[in-house]
Amino acid sequence: MNTCHQTLVRTYLENQGLIRTKAHAKQLHAQVIRTIGPVTATVNSLIISIYSNLNLLKESLTLFDTLDSPKPTKAWKSIIKCYASCGQFVNSLTFFNEMRTLGKIPDRNVFPSLLKSCAYLRDIRLGESLHGSVIRLGFDCDLYTGNALMNMYAKLQNFGGHQLIDVITEPQKPISSSRSEQKKSDHSHECNRDFTVGVVDFNINTKEMNLLGNVGGEKKIGSLGIDGVRKVFEEMPTRDIVSWNTVISGSLQNGRHKEALDMLREMGNADLKPDSFTLSTVLPMFAKFVDVLKGKEIHGFAIRNGFVEDVFIGSSLIDVYANCNRVEDAYKLFCFIPQHDAVSWNSIIAACVQNGRFDKGLKLFRQMLQTDLKPVEHSFSSIMPACSHLTTLHLGKQLHGYIIRAAFYENMYIASSLVDMYSKCGNLKIARLIFDNMEKHDSVSWTAMIMGYAMHGHAHEAIFLFEEMVVSGEKPNPVVMVAVLTAFSHAGWLNEGWKYFNSMTQDYGIVPALEHYAAVADLLGRAGRLEEAYKFITSMHIKPTGSVWSSLLSACRVHKNIDLAEKVAKEIFKIDPEYTGAYTILSNMYGAAGRWKEAAKIRKNMKKKGMRKKPACSWVEVKNRLHAFVAGDKSHPLYYQINEALEDILERIQREGYVPDTSEVLHDVDEEQKQYSLCAHSERLAIAFGIISTPAGTTIRVTKNLRVCVDCHTVLSFISKVLSREIIVRDNTRFHHFTNGKCSCGDYW
DNA sequence: GTAGGGTTAG
């Protein structure tokens, strides 16, 4: 090496910390060419390592290609590292393979990159082989390599490696020998040559490769998994904060929460302070266990230690608060983060959606689109449920379009959320199409589709799919059983419902939860078996909630059994005195029976307690806009036209035989007034608006927040016949498809 | 060499 080159190398070594940008690196490169002209391979390797440390893959490779063979080992190592840092793991390993076939000896610095590649490619066999090589070369006492090994075992604990050389019985290099001795041999020629002999040939494209080709005296043991992490950790001569973070994270990924907490404590004893990695690793545990106190404790620690603007900790904390139903706190936290990334956006959007703040979620999603960040896969599965709940089909379709363009449709989360969205927006056919196009199914996708059928009253399809699921080997879980029981309840299949309710416990070992009891109680109630339902609820092994009773109360109303309704209402008031729905139903029933005084008494009582009846509201989508109507609503700009259309429609359907049923009108007023009250029902306003705003024959989709009233149900049937329109109504429990005078629910709901 | 986010019910 000439003086000039030596100076350059020295300058680089002195200043390498200063080369932090692509521009700096290229400038240095240009300067070298200008001042020195053709340079040696050593200097070029140096420049490659500068490029690769900045993850400048293209620049590194271009320069690497210009080198004459044999290229220096240093250059090979830089490229391997750069590929791994840029996420090109297969290339990283292929390059290592090529380097090995040229007889070049790997040193300790190259193993972390290789192990990282194995971790990401989920290649536990190669990882284990590399571990063997690490041990043989004596690099297992290297801090960085040890950390990388732990990381690999932590990430691959569920990918069952099947063999590992038991290093303890490996005769050539007992691990119990003194570490200093091993360290000395690290660089010894002998050791390296031993390695070279050990590795014959391997090809990274085949799973059959084994770095340890012909090592003798090996004993095979099972996959290491979390024990691998712990073992490496325990045998490390020195550990730093990364080692602790990795072992804690490994325990958490393995579900060993207590162990992780113990390690956290132990880390403190070792005089190491948790850093931002530690905190964002342990926070998800508190989110999972809904432990807002622990979350706050860490929040405090983060504030005291200057981590308050850390985007990793921030999004984990958002998650903790969201899981504890504290969206406001989550949002405040979100606002504190100066630089948002895709994850923090997703955390706050998911926080809103999971807590029922759908509008806020959509608003934030739109805000995110206005930044430079592109939505990622998580963004779609987080926001989609908002469309499902709000029945905003046009929005759901827009998102679906984006998903197709971005080729995200193979993602299980996204596909399941699309199945759910199309089902809940009334389009079962497309839901099924997406479901059928999925490569594989999990319990969530099966449940989403089965629930779709259940909500639309297609019990046959629901149960057929459930049986298909069982045959496919997917074990039924409590959620899918709710879907199955719901299907029976909406179809009124009492015997089948009982059968599956019993088999749930006997065959699948699922202990019935409130939801399952509620579905069966509902089934009995709808079938008119009111007394049985009452007995069923009182004999539950868990305390019934207001909502379980309220489904029976609704059934009492449908079957006009005031005596039982009073009894049931009493139970509800005992459990949940604030349950508005119960007061409303009871007062409606008194009204329908002409017992006006009692009806008035309840309403007065409600007023005294400051309770208000939940206003009935219906939504209809016209030309990609959602229009909302509240009962008796006169605020819509087209109110006059809507009313005119309604009168016209009523006249036409009365000619077809419709007779208004005013029994569900609350007030003690005359018949004409009652009919007028019926006309003001929110679902009618929405339908009438849909009819006057769309061309003849267009399907009208309406969503209502409460149950559709009996008279409106009849009116909608008539309209579907007289105007030849398909009308799809989603009420708070199910779908009604009206075509040609008939509803899909068979008037049973 | 280490970290955070998503889908199904109610």
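Lettering follows sequence order; numbering is per chain, from 1.
When the P atom of B/dT2 is taken as reference, atom CZ of A/Phe111 falls 17 Å away, rounded to whole Å. Nucleotide B/dA3 holds its P atom 7 Å from the CD atom of A/Gln253, rounded to whole Å. Following rounding to the nearest Å, A/Asp420 (CG) and B/dT7 (C1') show an atom-to-atom distance of 8 Å. Between the P atom of B/dA3 and the CE atom of A/Met267 lies a distance of 15 Å, rounded to the nearest Å. Atom CG in A/Asn325 sits about 13 Å away from atom C1' in B/dG10, given to the nearest Å. Distance, A/Leu279 CG to B/dG4 P: 13 Å, rounded to whole Å. The distance between atom CZ of A/Arg734 and atom C1' of B/dG10, rounded to the nearest whole Å, is 18 Å. Summarising the geometry, the separation between CE on A/Met481 and C1' on B/dG10 is reported as 16 Å, rounded to the nearest angstrom.
For A/Val479, counting side-chain heavy atoms from C-beta on, the closest listed nucleotide (B/dA9, B/dG6, B/dA3) is B/dA9. The side chain of A/Val376 has B/dG5 as its nearest neighbour among B/dG5, B/dG4, B/dT2. Comparing atom distances between the A/Ile414 side chain and each of B/dG6, B/dG4, B/dT7 picks out B/dG6 as nearest. When distances run from any side-chain atom of A/Glu377 to the nucleotides B/dT2, B/dG6, B/dT7, the shortest one goes to B/dG6. The listed nucleotides are B/dT7, B/dT2, B/dG10; the one nearest the side chain of A/Met451 is B/dG10.
Across all strands, A/Ser276 comes closer than 4.0 Å to base atoms (heavy-atom distances). Across all strands, A/Met150 comes closer than 4.0 Å to no nucleic acid atom at all (heavy-atom distances). Within the nucleic acid shown, A/Pro478 has no heavy atom closer than 4.0 Å to any nucleic acid atom. Across all strands, A/Asn477 comes closer than 4.0 Å to no nucleic acid atom at all (heavy-atom distances). If you check every strand for non-hydrogen atoms under 4.0 Å, A/Val419 touches nothing. Backbone-only contact: A/Lys424 has heavy atoms under 4.0 Å from sugar-phosphate atoms and none from a base.
With hydrogens and angles left out, the side chain of A/Ser416 and the base of B/dT7 share a donor-acceptor pair within 3.5 Å. One N or O donor and one acceptor, one from the side chain of A/Thr447 and one from the base of B/dT8, sit under 3.5 Å apart. Residue A/Ser315 places a side-chain atom within donor-acceptor reach of the base of B/dG4, judged by atom type and a 3.5 Å distance cut-off alone. With hydrogens and angles left out, the side chain of A/Thr281 and the base of B/dA3 share no donor-acceptor pair within 3.5 Å.
Contacts of A/Leu261 classified as side chain to side chain contact (heavy atoms under 4.5 Å, CB included), with partners at least two apart in sequence or in another chain: A/Leu264, A/Arg265, A/Met285, A/Phe286.
Of the residues in residues 339-347 of chain A, those placing a heavy atom less than 4.0 Å from an atom of DNA chain B are A/Asp341, A/Ala342, A/Val343, A/Ser344, A/Asn346, A/Ser347, in numerical order.
Side-chain rings of A/Phe89 and A/Tyr83 stay apart, their centers remaining 6.0 Å or farther from each other. Ring centroid separation for the pair A/Phe466 and A/Trp446 does not come in under the 6.0 Å cut-off.
Within the 4.0 Å cut-off from OP1 or OP2 of B/dG5, not a single side-chain nitrogen or oxygen of A/Gln354 is found.
Seen from the ring of A/Tyr331, A/Lys360 counts as a face-on cation partner, given the 6.0 Å and 45° thresholds. With a 6.0 Å cutoff to the six-membered ring centre and a 45° limit on the axis angle, A/Lys155 counts as a cation-pi contact of A/Tyr120.
Judged as a side chain to side chain donor-acceptor pair (under 3.5 Å), not a single pair has a partner in residues 279-290 of chain A (not counting sequence neighbours).
Stacking here means ring centres nearer than 5.5 Å and ring planes tilted less than 30 degrees, and by that measure A/Tyr413 does not stack onto B/dT7.
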Pair A/Asp140, A/Thr145 - check side-chain contact (heavy atoms from CB on, under 4.5 Å), show working. CA-CA 7 Å; A/Asp140 51 333; A/Thr145 306; over 6 Å; no
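For the side-chain hydrogen bond (donor to acceptor under 3.5 Å, both in side chains) criterion with A/Tyr153, the lone passing option out of A/Glu128, A/Lys231, A/His131 is A/His131.
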